[in-house]
Colleague: 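Dropping the structure in here first, questions after.
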Amino acid sequence: MIKVSDTAKTKIIDLMKDDGFDAATDYVRVGVKSGGCSGLSYDLKFDKNKGENDQIFVDNNITIAVEKKSFLYLAGTILEFSGGLNGKGFVFNNPNAQRTCGCGESFSL
């Protein structure tokens with residue numbers, strides 16, 4: 001399961017609305033792809049459609065779609081949002097990552 005913090009929830013709802021999506025009916029698609037300085041990087045986007053290989057999770061009233069192949073890397077992750085003076089944006093707190101890069105956008109197992 002992937003969890004969504006309160007700050008991430010608020011930002012997701014705002015961004016989805018700005019992009020023509022509805023947080024009540026559409027998905028936040030979270031995935032993992034090859035790349036980044038640590039080997040794997042996170043991918044986050046909005047989607048109106050559920051894929052046949054998706055795992056669906058609802059946390060904090062946000063529906064998250066994750067392809068089954070990415071789920072192994074993301075199980076237990078908490079999606080947060082950091083918006084301070086040096087705000088990073090969305091932050092993935094992934095308990096499976098053994099090493100992350102300095103910016104937090106890529107990781108390795």
Colleague: So with a 6.0 Å cut-off around NZ of Lys45, is the heavy-atom count from everything else above 12?
Modeller: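 No.
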Colleague: Can you label the angle between the Phe81 ring and the Phe90 ring as parallel, tilted or perpendicular, going by 30° and 60°?
Modeller: perpendicular
Colleague: Can Phe57 and Thr63 be said to form a side chain to side chain contact (heavy atoms under 4.5 Å, CB included), step by step?
Modeller: CA-CA 6 Å; Phe57 304 96; Thr63 305; over 6 Å; no
Colleague: Is Lys69 atom NZ crowded by more than 12 heavy atoms from other residues, nucleotides or ligands, each under 6.0 Å away?
Modeller: no
Colleague: Can you hop from Ile78 to Leu72 via hydrophobic side chains spaced under 4.5 Å?
Modeller: no
Colleague: Where do Met16 and Tyr27 come nearest, in terms of heavy atoms and distance?
Modeller: CE-O, 3.7 Å
Colleague: Rounded to the nearest 0.5 Å, what's the gap from CG on Asn53 to CZ on Phe71? Could you check?
Modeller: 14.0 Å
Colleague: Could you grab the distance from atom CG of Asp19 to atom CG of Asp14, nearest 0.5 Å is fine?
Modeller: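 Reported value, rounded in 0.5 Å steps: 11.0 Å.
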Colleague: Show the nearest heavy-atom pair for residues Asn49 and Asp47, with the distance to one decimal.
Modeller: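 That would be N-OD1, 2.9 Å.
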Colleague: Mark yes or no for whether Asp43, through its side chain, and Gly31, through its backbone, hold a donor-acceptor pair below 3.5 Å.
Modeller: no
Colleague: Whether the side chain of Asp22 engages the backbone of Ala24 through a donor-acceptor N/O pair (distance < 3.5 Å, no angle test) should be reported.
Modeller: yes
Colleague: Quick one: CD on Glu80 to CG on Asp6, what's the gap to the nearest 0.5 Å?
Modeller: 10.0 Å
Colleague: Would a 4.5 Å heavy-atom cut-off, applied to side chains only, mark Ile62 and Ile13 as touching?
Modeller: yes
Colleague: Under the side chain to side chain contact (heavy atoms under 4.5 Å, CB included) rule, what do Arg29 and Glu67 come out as? Steps first, then yes or no, please.
Modeller: CA-CA 8 Å; Arg29 181 166 298 283; Glu67 286 186 273; 4.2 Å; yes
Colleague: Please tell me if the side chains of Asp59 and Ile2 come closer than 4.5 Å, counting only heavy atoms from C-beta onward.
Modeller: no
Colleague: With heavy-atom distances below 4.5 Å as the criterion, would you say the side chains of Leu79 and Ile12 are in contact?
Modeller: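 Yes, close enough: below the 4.5 Å cut-off.
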Colleague: Any side-chain heavy atom of Pro95 sitting closer than 4.5 Å to one from Thr77?
Modeller: yes
Colleague: Is there side-chain contact between Leu74 and Asn94, with at least one heavy-atom pair below 4.5 Å?
Modeller: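 The answer is yes, as the side chains (C-beta and beyond) meet within the 4.5 Å cut-off.
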Colleague: Same hydrophobic cluster for Met1 and Phe92, using side-chain heavy-atom links shorter than 4.5 Å among ILVMFWY?
Modeller: yes
